[in-house]
S.K.: 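One structure is given below, represented as structure tokens, and several questions about it will come after.
Sequential numbering from 1 along the given sequence is applied to the chain's residues. Side-chain atoms are counted along with the backbone in the values below, which use heavy atoms only and exclude waters and symmetry mates. Here the structure is a predicted model, which means the values were calculated and not measured.
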Amino acid sequence: MDIKVIAENIEKFRSSECNTKENGRYRSWEIVFKDFDEHQDDKDYDYLARSLALYLASWGMMRGSSKLLTDYNYLIHISAVQIILVDFPELKNYPQNEKEIEAYVRLVWKKITALKNYYSKVGISPTDTLLTKIMLRTEAATPAYDQYFRKFLKANGLTQKLGEQSLKEVWALWFKIKSDLSNEVDYPPVKLLDMAGFQYGQEN
């Protein structure tokens, strides 16, 4: 693990044009994250389902043979939004030290399982990528387990298969690198690690 490289990849992502310009694609994360933060109490399920659907479309989750594209409109996400808002404040109360990781990950995994069961029930394939993209963009509770982040996990000797063990290792990594990052930490912890993983995966 090269902490300097991780920090450099985070900065590359943050300073990229897609992230810095107002209408850049990478800024879609901020839009959805803000939407859920601002509307968690008024329970505007319709609005949040639209926000989530637009985000998923912009990040490639509604294409090809995906039933999110071929069979459904945004309303299919309303039940998912209701699941997301359960324990929402608790999941945005990120671990402050390594002792808090296990309980936090247990709560995260409970929600991932609930989302997986819901999407399976309506005939949508609940891939690790879909589930973790939703968790990253709404609560920043997990990185997105796509091909890029899995490369990053492999390069750092961490478990690549999504599960409680891998999520614990991701949080442990955060506490190892936290002190070496810029003091200006303006994103949630796993969002920063997701930036590092996405950047690393694209370049390798």
S.K.: Could you tell me which non-hydrogen atom of K111 sits nearest to which non-hydrogen atom of L85, and how far apart they are?
M.R.: NZ-N, 4.4 Å

S.K.: Please determine which of Y55, F198, Y187 meets the ring pair (Phe, Tyr, Trp, His ring centres under 6.0 Å) test together with W29.
M.R.: Y187

S.K.: Looking at CD1 of I84 and CZ of F36, how far apart are the two atoms once the value is rounded to the nearest 0.5 Å?
M.R.: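 The CD1 atom of I84 sits 4.5 Å away from the CZ atom of F36.
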
S.K.: Flag the pair R106 and E102 as a salt bridge only when some basic side-chain nitrogen lies within less than 4.0 angstrom of an acidic carboxylate oxygen.
M.R.: yes

S.K.: Output the distance between atom CG (L115) and atom CD1 (I124), rounded to the nearest 0.5 Å.
M.R.: 11.5 Å

S.K.: Could you tell me if T159 and Q165 have a donor-acceptor pair between their side chains, going purely by distance under 3.5 Å?
M.R.: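 Looking only at side-chain atoms, T159 and Q165 do not form any donor-acceptor pair under 3.5 Å.
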
S.K.: Does Y145 reach the side chain of L153, with side-chain heavy atoms less than 4.5 Å apart?
M.R.: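 In contact.
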
S.K.: Atom CG in D194, atom CZ in F149: separation rounded to 0.5 Å?
M.R.: 6.5 Å

S.K.: Find the distance between OG (S79) and NZ (K121) and round it off to the nearest 0.5 Å.
M.R.: 6.5 Å

S.K.: Quick one: does any side-chain atom of S120 pair with a main-chain N or O of K116 as donor and acceptor, under 3.5 Å?
M.R.: yes

S.K.: How about N93 and Y104: does a side-chain donor come under 3.5 Å of a side-chain acceptor?
M.R.: no

S.K.: Between the main-chain N or O of W109 and the side-chain N or O of T113, is there a donor-acceptor pair closer than 3.5 Å?
M.R.: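 Checking the backbone N and O of W109 against the side chain of T113, a donor-acceptor pair under 3.5 Å is found.
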
S.K.: Please check if V5 and L158 belong to a single hydrophobic cluster, counting links between Ile, Leu, Val, Met, Phe, Trp and Tyr side chain heavy atoms closer than 4.5 Å.
M.R.: no

S.K.: Evaluate the side-chain contact (heavy atoms from CB on, under 4.5 Å) criterion for residues T142 and V190: first the C-alpha distance (whole Å), next the side-chain angles of each, then the deciding distance (0.1 Å), finally the verdict.
M.R.: CA-CA 6 Å; T142 72; V190 297; 5.6 Å; no

S.K.: Counting neighbours of CD on Q202 that are heavy atoms of other residues, nucleotides or ligands and sit closer than 6.0 Å, is the number greater than 12?
M.R.: yes

S.K.: Do the numbers put K92 on top of the ring of F33, so that NZ or CZ is under 6.0 Å from the six-membered ring centre and no more than 45° off the axis?
M.R.: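 Checked: cation-pi criterion met.
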
S.K.: Just how far is it from atom OH of Y72 to atom NE2 of H77, taken to the nearest 0.5 Å?
M.R.: 10.5 Å

S.K.: Using only heavy-atom distances, determine whether the side chains of E139 and Y94 contain a donor-acceptor pair under 3.5 Å.
M.R.: no

S.K.: Using the rule that Ile, Leu, Val, Met, Phe, Trp and Tyr join whenever any side-chain heavy atoms are under 4.5 Å apart, tell me whether L52 and L75 fall into a single cluster.
M.R.: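 Linked within one cluster.
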
S.K.: Hydrophobic clustering (ILVMFWY, side-chain heavy atoms < 4.5 Å, transitive) - are V86 and M135 grouped together?
M.R.: no

S.K.: Check for a donor-acceptor pair, side chain of K151 on one end and backbone N or O of N204 on the other, with a separation under 3.5 Å.
M.R.: yes

S.K.: Using the rule that Ile, Leu, Val, Met, Phe, Trp and Tyr join whenever any side-chain heavy atoms are under 4.5 Å apart, tell me whether I31 and V81 fall into a single cluster.
M.R.: no

S.K.: Roughly how far, to the nearest 0.5 Å, is the OG1 atom of T138 from the CG atom of L91?
M.R.: 8.5 Å

